[in-house]
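Everything on this sheet refers to the single structure shown next.
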Amino acid sequence: MASQPRQIFILTGAGISAESGLGTFRDRGGLWARFDPLTLATPEAFAADPDTVLDFYNHRRRGVIAAAPNAAHAALARAEAGLAARGGRLFLCTQNVDDLHERAGSAAVVHMHGELLKARCTACAAVSERRAGIPRDDPCPHCGAAALRPGGGWFGAVPQHLDRIDAALAGSDLFVAVGTSGAVYPAAGYVRQARALGIPTCELNLEPSDNARIFDAARYGPASAIVPDYLSELGL
Ligand code: APR
């Protein structure tokens with residue numbers, strides 16, 4: 001890269017949290033290979049059997065709380081500070097519903113698929129902290145309705161912050177995807193959007209993703225190794 005990028009758009013997926021012990025979705029033994037998302041991760045499943053759905057999410061939530069950020073999360077947090085120090089910006093958009101980016105020190109994280117440690121009220125749509133889980137019939141702190149559902153990872157939910165994400169992508173000088181299979185839209189379409197805008201793209205993944213042929217460049221290996229190396233080559 002001739003000049004240092006001023007604004008870097010980073011898209012992360014489950015692969016960045018794999019080495020922290022959190023399962024991915026589509027790898028061998030992934031979450032959706034063991035559980036059917038349509039019976040556990042949709043509004044319809046929640047309406048039909050809220051206890052089973054809440055048990056599933058509370059189990060995942062306990063896994064997130066027990067996990068620790070890895071070197072890839074830490075490198076992104078350092079890069080955010082490094083870019084800001086030189087007047088730039090690292091826009092971190094994650095498909096993940098864990099809080100490992102925040103716990104690694106990233107100050108600005110956009111969760112386009114929501115957050116597992118929060119709850120969303122299906123009556124008033126308010127989002128509230130729920131690190132301790134969502135007891136059945138827990139009242140919404142905003143409207144009092146007993147209508148709380150997990151705040152993230154919901155199949156069929158509309159991804160969030162899309163306008164903000166599109167605007168940040170349009171203003172970026174580099175697009176980097178980390179640990180995502182490129183299987184789920186709209187996130188899977190961002191590399192094409194970047195290319196159409198003439199923005200250089202790079203994939204950092206354990207193995208070539210569904211979108212591999214679209215990227216200008218790629219590094220393959222475990223995120224905890226390739227992400228810090230890649231960012232340090234950018235002076236971050
Ligand atoms: N380092 C880097 N990449 C890894 C690692 C690792 N240690 N382990 C796995 N990967 C890669 C896999 O090769 C795969 O390409 O991470 C990717 C994970 O892909 P998915 O399991 O499909 O996860 P993701 O892309 O985040 O899924 C997107 O699908 O089910 C929905 O809402 C869910 O946000 C999720 C979305």
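Each ligand, and each atom within it, is numbered from 1 in the order the structure gives.
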- Message: I need the atoms of ligand 1 closer than 4.0 Å to a non-hydrogen atom of G179, numbered in the order shown.
- Response: 3 (N), 16 (O), 17 (C), 18 (C)

- Measuring from the heavy atoms of G30, does anything fall under 4.0 Å of ligand 1? no

- Message: Assess, by modelled atom type and distance only, whether the side chains of D210 and S181 contain a donor and an acceptor separated by less than 3.5 Å.
- Response: no

- Task: Would you check the N or O atoms of N96, main chain and side chain alike, for any that come under 3.5 Å of an N or O of ligand 1?
- Result: no

- Task: Examine distances only and state if a side-chain atom of R34 and a backbone atom of G29 form a donor-acceptor pair shorter than 3.5 Å.
- Result: yes

- Under 4.0 Å from one or more heavy atoms of P222, ligand 1 contributes atoms 1 (N)

- Query: Under 4.0 Å from ligand 1, counting heavy atoms only, is it the side chain of H113, its backbone, both or neither?
  - Reply: side chain

- Message: Quick check on contacts: which atoms of ligand 1 are under 4.0 angstrom from a heavy atom of D27?
- Response: 9 (C), 12 (C), 13 (O), 14 (C)

- Item | atom 5 (C) of ligand 1: nearest protein contact (heavy atom, Å) | G15 O, 3.5 Å

- For E203 and N211, indicate whether the former's side chain and the latter's backbone hold a donor-acceptor pair under 3.5 Å. no

- Message: Considering both backbone and side-chain atoms of F25, is one of its nitrogen or oxygen atoms within less than 3.5 Å of a nitrogen or oxygen in ligand 1?
- Response: yes

- Which heavy atom of the protein is the closest neighbour of atom 31 (C) of ligand 1, given with residue, atom name and distance? R26 NH2, 3.5 Å

- Task: Classify the side-chain pair D166/Q193 by whether it contains a donor and acceptor separated by less than 3.5 Å.
- Result: yes

- Per-atom contacts, ligand 1 versus W32 - under 4.0 Å to a heavy atom: 30 (O)

- Query: If you measure every N/O of L206 against every N/O of ligand 1, is any gap under 3.5 Å?
  - Reply: yes

- Message: Which residue is it: H101, H73, Q95? I am looking for the one with a side chain to side chain donor-acceptor pair (under 3.5 Å) to T12.
- Response: H101

- Task: Apply side chain to side chain contact (heavy atoms under 4.5 Å, CB included) to W32 and F155, showing your working.
- Result: CA-CA 12 Å; W32 300 148; F155 260 63; 3.5 Å; yes

- Query: What residue and heavy atom of the protein are closest to atom 1 (N) of ligand 1, and at what distance?
  - Reply: A223 N, 2.9 Å

- Would you kindly specify which portion of A14 sits under 4.0 Å from ligand 1, judged on non-hydrogen atoms: side chain, backbone, both or neither? both

- List the steps and the verdict of side-chain hydrogen bond (donor to acceptor under 3.5 Å, both in side chains) for S17 and D98. CA-CA 8 Å; S17 297; D98 63 57; 2.8 Å; yes

- Heavy-atom side-chain proximity of L236 to I8 below 4.5 angstrom: yes

- Note on the structure: Under 4.0 Å from one or more heavy atoms of G13, ligand 1 contributes atoms 26 (O)

- Message: Would the distance check show the side chain of N205 and the main-chain N or O of T180 forming a donor-acceptor pair, the cut-off being under 3.5 Å?
- Response: yes

- Task: Please identify which atoms of ligand 1 are closer than 4.0 Å to at least one heavy atom of E19.
- Result: 1 (N), 6 (C), 7 (N)

- With heavy atoms and a 4.0 Å threshold, my read on which part of A18 contacts ligand 1 is side chain

- Item | Heavy atom of the protein closest to atom 28 (C) of ligand 1 (residue, atom name, distance) | Q95 OE1, 3.4 Å

- Message: What I want to find out is whether R219 reaches D229 closely enough, with some N-O distance under 4.0 Å, to be called a salt bridge.
- Response: no

- Task: Starting from atom 15 (O) of ligand 1, locate the nearest protein heavy atom and write down its residue, its atom name and how far away it is, to 0.1 Å.
- Result: N205 ND2, 3.0 Å

- Message: I'd like to check whether F155 has a polar contact with ligand 1, where a contact means an N/O of the residue lying under 3.5 Å from an N/O of the ligand.
- Response: no

- Query: Do ligand 1 and T180 have nitrogen or oxygen atoms that lie under 3.5 Å from each other?
  - Reply: yes

- Query: Any side-chain heavy-atom pair from C202 and D216 closer than 4.5 angstrom?
  - Reply: no

- Message: Once you restrict to heavy atoms under 4.0 Å, what part of T24 touches ligand 1? Side chain, backbone, both or neither.
- Response: both

- List every atom of ligand 1 that sits less than 4.0 Å from any heavy atom of G221, numbering the atoms from 1 in the order shown and giving each element. 1 (N), 2 (C)

- Message: Please identify which of these residues, H161, E102, K118, meets the side chain to side chain donor-acceptor pair (under 3.5 Å) condition with H111.
- Response: E102

- Can you spot which of R61, R62, R60 makes a side chain to side chain donor-acceptor pair (under 3.5 Å) with N58? R61

